[in-house]
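A quick write-up on the structure given underneath.
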Amino acid sequence: MDRKKKNGFVFFLYFLLVLLCFGMVWLISGLRDQTVLETREEERTENRQTEESRENETQESSAREEPETVKEDAQELGTKEAVKDNEKEKEAFLAQTEESNENQEKVPVYEPPVLVLISDTHYFSDSLTDYGESFQDMVHRDDGKVVFYNSQLMDAFAWEMEKLRPDGVIVSGDLTLNGEQEGHMAFAEKLRVLEEKGIPVLVIPGNHDINNPNAASYFGEKKEKTDSIDAQEFYEIYREFGYDEAVNRDPHSLSYLYPLDEKNWLLMLDSAQYDPVNLVGGRIRQETIEWMEEILSQAEEQGIQVLPVAHHNLLRESALYETDCTLENSEEVTELLESYGIPVYISGHLHLQRTKTYKREPGEEAGFHISEIVSDSFAIPPCQYGVLQWKEGGGLIYCTKETDVEGWARIQGSADENLLHFKEFGEEFLTEIISAQTSKRIASVLPEEQIKEMSHLYGLLNRAYCSGILINEEEVKSSEAYRLWERNLPDSPMMEEMGDILRDTKEEHNSYEIPQWQ
């Protein structure tokens, strides 16, 4: 073989060898890449399985009741799921707290009651008079009652109570002028107006109301006897004003127990004596005292406060009027009430505004003693009523308020100048009535000018005495009118009466504070 052919053959072999090498490299590279891919796929599969396993373990761990582990995981991982769970728990807690607060707000808060006290309204029906001569004579011989305006007075009172909205109105006896049946019927209609306005009314009888022999009508010059009522008729006429709501009634009198609220009872006591005949003085029947003691014992056991109300006075309230005013058995009743720590007793009858605390006798040990509030006559100017309020911290506050007859008259469009200026009219009317009566008592012994001046002073003192205001004794005694009394009639009964009035008016009686219940 020549040299050229040999070199060509060798070159061809080398070329085949190079191709063979490249082929082997390519084959090995492909096999390696396939292995890598398979390995990576296996790793991905393992990773997915591992992740799923971790998630399952986390869910199983959360399902277990291991609060400390959950807290650690939440703090360590800071996952959104843990934060969301905390927010949900917070919202649930706040919702529960808000619901609890709402439930607390729904619990009713106790509000202490407010009572209005009036007494001795002495209502007289206009069906029993023509307001003629006999009627006028009766008015001028009386003690200053504005009987001819008692219908308007009650209407003005009802108008005022609608604004005040008390928890009850107590009328403590002498509802009518002299127990006239028609007067009782007419007065019940006036009280019914209050009840229709949602204001409870509670009544008890006074000495003028039952079996009164002075019940009369007045027409022209004639005063004629008219029908009165007995105890059963009183109950039938007034049963809707306290008796029907009573939780206990005394079988021996017209006394009853009225539940004012869950903490207070009103012990409405019949102190009038009308069987077999009518008497002016008052007394609590022995059977009624025994009934009272049972009530007071029950109240003490239940933690209930009791407020007794009667017509006649418990204490000696007046130096001027000493007979037929205080209960005949006042000492026994006082001892019973004080033994149960009753702080105050409400009454009327006296036609004077008075407040007083029982004073111990000489040698008697100091200690708790009962007080009394006496309401003056609603029919006598200033025609006022009392407001009795329970204080939040305990105890009672009492004050009086004149009925706003003038305001009522303006709203009614009245043209009656007496009603439109009732305060001034009432003061002048009462002073003139008493002055005129005084003048007649001293007319035969003194000059007319002196009689007028002396009588006017007595009328002024009487008006202040009725309304319970403080009188400046020094100012009165330094007046010319008083010096006329001293010079002309120093030893007269009327001079003595003025001394009693001055002794009884050394303090104001239109406001009073009673300490917390014993």
Side-chain angles (χ1 to χ4, degrees), residues 122 131-149 218 221 223 318-323 350-354 376-377 379-384 402 405-406 416-510:
H122 289 289
Y131 298 100
E133 184 178 343
S134 61
F135 177 84
Q136 295 300 326
D137 182 60
M138 178 270 292
V139 169
H140 284 85
R141 286 186 290 104
D142 205 2
D143 59 354
K145 304 182 190 73
V146 286
V147 183
F148 42 89
Y149 280 137
Y218 302 87
E221 299 178 0
K223 171 187 174 182
S318 171
L320 181 58
Y321 306 121
E322 293 186 312
T323 60
L350 195 58
H351 291 194
L352 303 177
Q353 180 63 47
R354 299 287 291 170
D376 57 337
S377 173
I380 297 175
C383 305
Q384 60 191 16
E402 295 182 24
V405 178
E406 297 175 357
D416 190 327
E417 289 297 319
N418 292 340
L419 295 175
L420 291 170
H421 303 90
F422 189 78
K423 181 177 176 60
E424 181 182 352
F425 162 76
E427 291 176 353
E428 292 178 355
F429 172 79
L430 177 57
T431 303
E432 288 174 3
I433 287 291
I434 303 303
S435 296
Q437 294 173 3
T438 305
S439 295
K440 289 181 179 180
R441 294 173 67 180
I442 61 176
S444 59
V445 294
L446 295 171
E448 182 177 346
E449 192 60 35
Q450 292 185 13
I451 290 173
K452 182 178 180 181
E453 193 168 350
M454 294 166 63
S455 299
H456 185 68
L457 174 62
Y458 190 96
L460 290 175
L461 291 177
N462 178 82
R463 190 183 79 199
Y465 196 28
C466 289
S467 59
I469 65 175
L470 173 68
I471 295 178
N472 188 325
E473 183 177 358
E474 183 179 349
E475 185 178 322
V476 170
K477 289 185 174 181
S478 64
S479 67
E480 179 61 28
Y482 190 82
R483 284 194 288 267
L484 287 173
W485 278 101
E486 286 183 313
R487 185 167 61 248
N488 295 319
L489 299 170
D491 300 321
S492 67
M494 300 192 73
M495 188 68 178
E496 185 177 348
E497 290 169 7
M498 286 192 294
D500 290 337
I501 291 175
L502 292 174
R503 278 191 292 275
D504 280 345
T505 53
K506 293 183 181 296
E507 57 184 325
E508 183 78 27
H509 294 285
N510 286 282

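Because the structure is a prediction, the values reported are computed rather than measured.
The two residues Ile501 and Leu320 have their closest heavy-atom pair at CG1-CD2, 4.0 Å. In terms of heavy-atom proximity, Tyr465 sits nearest to Ser318 at OH-OG, 2.8 Å.
Note that the CD1 atom of Ile471 and the CG atom of Leu461 stand 5.0 Å from one another [nearest 0.5 Å]. Separation of atoms CE (Met495) and CG (Asp491) is listed at 9.0 Å; rounding is to 0.5 Å. The OH atom of Tyr321 sits 7.5 Å away from atom CD of Glu497, with the distance rounded to the nearest 0.5 Å. Rounding to the nearest 0.5 angstrom, the gap separating the CD1 atom in Ile434 from the NE2 atom in His140 is 11.0 Å. A distance of 12.0 Å separates CG of Leu446 from CD of Glu449, quoted to the nearest 0.5 Å. For the atom pair CG (Asp142) and CD (Gln437), the distance works out to 8.0 Å, reported to the nearest 0.5 Å.
Evaluation of the ring pair (Phe, Tyr, Trp, His ring centres under 6.0 Å) rule for His351 yields His122 as partners, not counting sequence neighbours. With sequence neighbours left out, Ser455 forms a side-chain contact (heavy atoms from CB on, under 4.5 Å) with Ser435, Thr438, Ser439, Ile442, Ile451.
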*asked:* Under the criterion side chain to side chain contact (heavy atoms under 4.5 Å, CB included), I'd like the reasoning laid out for Thr431 against Arg463: C-alpha separation, chi angles, the key distance, then a yes or no.
replied: CA-CA 6 Å; Thr431 303; Arg463 190 183 79 199; 3.1 Å; yes

*asked:* Asn510 vs Gln353, test: side chain to side chain donor-acceptor pair (under 3.5 Å). Steps then yes/no.
replied: CA-CA 7 Å; Asn510 286 282; Gln353 180 63 47; 4.9 Å; no

*Intermediate values then yes/no, side chain to side chain donor-acceptor pair (under 3.5 Å), Tyr149 and Asp416*: CA-CA 11 Å; Tyr149 280 137; Asp416 190 327; 2.7 Å; yes

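Here the side chains of Ile380 and Asp143 are in contact, with some heavy-atom distance below 4.5 Å. No side-chain heavy atom of Gln136 sits less than 4.5 Å from a side-chain heavy atom of Phe148. Looking at heavy atoms from C-beta onward, Tyr218 lies out of side-chain contact with Glu133 at the 4.5 angstrom threshold. When side chains are defined from C-beta on, Gln384 counts as touching Asp376, because their heavy atoms get closer than 4.5 Å. Contact of the Leu457 side chain with the Val476 side chain is registered, since non-hydrogen atoms from C-beta on lie closer than 4.5 Å.
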Using distance only, find each side-chain donor-acceptor pair of residues 423-430 under 3.5 Å and give its atom names and separation, not counting sequence neighbours.
{"residue": "Lys423", "atom": "NZ", "partner": "Glu402", "partner atom": "OE1", "Å": "3.4"}
{"residue": "Lys423", "atom": "NZ", "partner": "Glu402", "partner atom": "OE2", "Å": "3.2"}

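Salt-bridge check for Glu473 with Lys477: passed, with a basic side-chain N closer than 4.0 Å to an acidic carboxylate O. Under a 4.0 Å N-O distance rule, the pair Asp504/Lys506 does not qualify as a salt bridge. Salt-bridge check for Glu486 with Arg483: failed, with every basic side-chain N at 4.0 Å or more from each acidic carboxylate O.
Panel note: side chain Trp485, backbone Met454; a donor-acceptor pair is recorded below 3.5 Å.
Around atom CD of Glu480, more than 12 heavy atoms belonging to other residues, nucleotides or ligands sit under 6.0 Å away.
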